[in-house]
Amino acid sequence: MTAKTPAAARRCPRCGSAAIHAFRPFCSQRCRALDLARWLDGSYGVPVVEEDGADDGELSRSDRDR
Ligand SMILES: [Zn+2]
């Protein structure tokens, strides 16, 4: 029972290592970046470009410019 270090109690949801205050709740910038990338991929990674899979970037750009 070591309740003296609440910061150490936190664990990285990515790898399970002890989280660092600077990168909490993750243990490192890498874990944070990976988790963030995963979130972005899950949230914005579902475009309806099954037909134009090659020009998805241009399509999105054109649509946004309008
Ligand atoms: Zn980690």
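Just follow the structure's listing: the first ligand is 1, and inside any ligand the first atom is 1. Bear in mind the structure is a predicted one, so any value in this text is a computation, not a measurement. When reading the values below, keep in mind they use all heavy atoms of this one structure, side chains included, and skip hydrogens, waters and symmetry mates. Numbers here simply count residues along the sequence, with the first being 1.
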Note: R32 and A22 closest approach over all heavy atoms is NH1-O, 4.0 Å

C15 and C27 have their tightest heavy-atom pair at SG-SG, 3.5 Å

Any protein N, O or S atom under 2.8 Å from the Zn ion (ligand 1)? Found C12 SG, C15 SG, C27 SG, C31 SG

CG (L36) and CZ (F26) are apart, to the nearest 0.5 Å, by 8.0 Å

Between the CG atom in D35 and the CZ atom in R30, the distance rounded to the nearest 0.5 Å is 14.5 Å

Heavy atoms of G16 and R11 approach each other most closely as O-CD, 3.4 Å

